[in-house]
Amino acid sequence: MIVREQVPLAGCTTLGLGGPAARFAEAVTDADVVAAVREADQRGEPVLVLGGGSNLLVADEGFDGTVVRVGTRGISEVPGGPDGLATVRVAAGEDWDGVVRWAIARGLSGLECLSGIPGLAGATPIQNVGAYGQEVSATIVAVRGWDRQAGELAELTDAECGFGYRTSVFKEGSQAGRFVVLEVIFRLTRDPRSAPVRYAELAGVLGAAEGDRVPLADARDAVLRLRRGKGMVLDPADPDTRSAGSFFTNPVLTPGQFERLESAVAAGTRIPRWPAPGGQVKVPAAWLIDQAGFTKGYPGGPGPRISGKHTLALVNPGDATADSLVALAREIRDGVLTRFGVELAAEATLIGLKL
Ligand SMILES: Cc1cc2nc3c(=O)[nH]c(=O)nc-3n(C[C@H](O)[C@H](O)[C@H](O)COP(=O)(O)OP(=O)(O)OC[C@H]3O[C@@H](n4cnc5c(N)ncnc54)[C@H](O)[C@@H]3O)c2cc1C
């Protein structure tokens, strides 16, 4: 395993921000990943497990600990199993979009709407990656990993992963950071058609009704088209993709909070919304941000800005710093709070910084 010192992290993140890591280990086998994490834990050093760096905002000062970059590979279908279903084991270091393409090429349904999301497979359970009506929690049956607390390998069932909207036990709560994901096990459906389309905008582009199934390749193409229009597919030629994706999560409001929000907007304004579990209401953060006066491209001039294609993405056009980007994020959060009484939370993981 190669271990280097003082490695700049900016080049390892899609935002292109972040100072040096004190130590940086490139782990290409599960044994390397475990050894690198275990040794850093034994030295009492902070550990950052790094995938594709597409959900990270790292401080300009860098990371005073060990970064372990996961480079393990392997996708395989487990032979046997129930009719019509396929169990697929994916190493944490596999490129996520490659996994989606692999599944579609084999006529396996369930991941197609997650096309074009950057990063590695091992990070998908962390925030229960989702888009266009699909979330990985719908197809993950287990996650195999290294339990840093017990010092042993562990396998968590989907129920034990505690998946929720952009969260899981891996990301939040008392177990956060305890497990290093080594392998994700999916249960996919043998069907050349997509899972039922659950997202109105996607259904519209496909000329389908919500609930319809469409050919897997059509679902992928439509998702990629929609994502490109929003700067949500990495493209070196498109500066709007130099982001961490959605910087904020969509707030989930209780009925009482939603009523207060309704009273804060002009009479007759229909607030876009989706139903959320337990009678709650999910409101698009992009709409709140835009309505609070932070429109696409804000603030203009040098430094970080809101994407010109999507209000939810904060972009480093090339001359931003992590400090300036988090300052913009705070300004937006505070502006939305003052205008609507709704506090936005970061979806991106902040390392060495606080919102
Ligand atoms: C243009 C763009 C579009 C995006 N669109 C979406 C979207 O539609 N939906 C969505 O949900 N997300 C989206 N994202 C966010 C991001 O791509 C996902 O969260 C992705 O899963 C992060 O993967 P990664 O490998 O880059 O993780 P990283 O950014 O490297 O890490 C993210 C977090 O996961 C932890 N982590 C990573 N790997 C492991 C592991 N093996 N074990 C334990 N912890 C680990 C890290 O320590 C860190 O806390 C987008 C990002 C960008 C830049």
Side-chain angles (χ1 to χ4, degrees), residues 9 12-18 27 30 33-34 36-37 46-58 63 65-72 90-97 99-100 113-137 143-148 154 156 161 163 165-172 175-184 199 202 223-224 226-228 230-236 238-250 307 309-310 312-316 346-351:
L9 291 173
C12 304
T13 70
T14 53
L15 267 169
L17 294 172
D30 282 0
V33 176
V34 170
V37 172
V47 173
L48 171 63
V49 182
L50 178 68
S54 62
N55 209 21
L56 285 180
L57 173 57
V58 180
F63 183 72
T66 297
V67 169
V68 181
R69 182 151 69 183
V70 180
T72 54
V90 182
E94 282 288 337
D95 170 66
W96 173 250
D97 196 48
V99 176
V100 176
C113 294
L114 303 173
S115 292
I117 298 179
L120 305 185
T124 59
I126 308 298
Q127 70 156 0
N128 183 18
V129 156
Y132 295 98
Q134 265 176 14
E135 289 182 332
V136 285
S137 57
V143 170
R144 197 173 60 78
W146 171 250
D147 179 343
R148 295 169 65 192
L156 281 75
C161 292
F163 290 123
Y165 164 62
R166 292 302 167 275
T167 192
S168 71
V169 293
F170 307 111
K171 183 171 178 179
E172 276 173 306
Q175 316 279 306
R178 173 172 169 181
F179 298 97
V180 179
V181 176
L182 297 172
E183 192 178 43
V184 188
Y199 202 83
L202 177 61
V223 165
L224 288 177
L226 281 169
R227 294 186 66 93
R228 285 202 182 95
K230 296 175 188 174
M232 285 291 168
V233 178
L234 291 184
D235 177 356
D238 180 357
D240 276 328
T241 71
R242 217 174 149 128
S243 76
S246 301
F247 195 88
F248 299 101
T249 50
N250 294 318
S307 159
K309 298 191 180 70
H310 191 23
L312 210 42
L314 303 188
V315 169
N316 167 21
E347 177 179 318
T349 301
L350 274 56
I351 305 294

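Order of appearance sets the numbers: ligands from 1, and atoms from 1 within every ligand.
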Just so I know, are the side chains of [X] and [Y] near enough to count as touching, which here means a heavy-atom distance under 4.5 Å?
{"X": "Leu114", "Y": "Val223", "answer": "no"}
{"X": "Pro125", "Y": "Val184", "answer": "yes"}
{"X": "Leu9", "Y": "Val67", "answer": "yes"}
{"X": "Asn250", "Y": "Tyr165", "answer": "yes"}
{"X": "Phe247", "Y": "Leu57", "answer": "yes"}
{"X": "Val70", "Y": "Val49", "answer": "yes"}
{"X": "Val143", "Y": "Phe170", "answer": "yes"}

Pick one of side chain, backbone, both or neither for how [X] approaches ligand 1, counting any non-hydrogen atom pair under 4.0 Å.
{"X": "Arg227", "value": "side chain"}
{"X": "Phe179", "value": "backbone"}
{"X": "Ser54", "value": "both"}
{"X": "Leu114", "value": "neither"}
{"X": "Ile117", "value": "side chain"}
{"X": "Ser246", "value": "neither"}

#### Entry: Evaluation steps, side chain to side chain contact (heavy atoms under 4.5 Å, CB included), between Leu56 and Ile351
CA-CA 7 Å; Leu56 285 180; Ile351 305 294; 3.9 Å; yes
How far is [atom] from its nearest protein heavy atom, and which residue and atom is that?
{"atom": "atom 44 (N) of ligand 1", "result": "Ile126 CD1, 3.4 Å"}
{"atom": "atom 9 (N) of ligand 1", "result": "Gly130 O, 2.7 Å"}
{"atom": "atom 21 (O) of ligand 1", "result": "Val129 CG2, 3.2 Å"}
{"atom": "atom 28 (P) of ligand 1", "result": "Gly53 N, 3.6 Å"}
{"atom": "atom 12 (N) of ligand 1", "result": "Gln127 NE2, 3.2 Å"}
{"atom": "atom 48 (C) of ligand 1", "result": "Leu56 CD2, 3.8 Å"}

Which ligand 1 atoms are under 4.0 Å away from a heavy-atom of [X]?
{"X": "Leu48", "answer": "47 (O)"}
{"X": "Gly119", "answer": "23 (O), 24 (P), 25 (O), 26 (O)"}
{"X": "Leu50", "answer": "30 (O)"}

When Glu347, Glu135, Arg166 are each screened for side chain to side chain donor-acceptor pair (under 3.5 Å) with Gln127, the one that passes is Glu347
Is it the case that ligand 1 has an N or O less than 3.5 angstrom from some N or O of [X]?
{"X": "Val181", "answer": "yes"}
{"X": "Val70", "answer": "no"}
{"X": "Gly231", "answer": "no"}
{"X": "Asn55", "answer": "yes"}

Original post:
Taking 4.0 angstrom as the limit, do Asp240 and Lys230 come out as a salt bridge?
Top reply: no
| said: Between the side chains of Asp238 and Arg228, is the shortest nitrogen-to-carboxylate-oxygen separation below 4.0 Å, so that they form an ion pair? | reply: no
Ligand 1 contacted by Lys171 (non-hydrogen, < 4.0 Å): no
Assess, by modelled atom type and distance only, whether the side chains of Thr241 and Asp235 contain a donor and an acceptor separated by less than 3.5 Å.
no
Where the closest heavy atom to [atom] is concerned, which of [options] has it?
{"atom": "atom 39 (C) of ligand 1", "options": "Val223, Thr124, Leu57, Val49", "result": "Val49"}
{"atom": "atom 33 (C) of ligand 1", "options": "Thr72, Thr14, Thr349", "result": "Thr349"}
{"atom": "atom 38 (N) of ligand 1", "options": "Ala123, Gly245, Gly52, Ala131", "result": "Ala123"}

The reported gap from CG in Leu202 to SG in Cys113 (rounded to nearest 0.5 angstrom) is 5.0 Å
I'd like to know whether Asn128 forms a side chain to side chain donor-acceptor pair (under 3.5 Å) with Ser168, so could you lay out the CA-CA distance, the side-chain angles of the two residues, the decisive distance to 0.1 Å, and finally the verdict. CA-CA 7 Å; Asn128 183 18; Ser168 71; over 6 Å; no
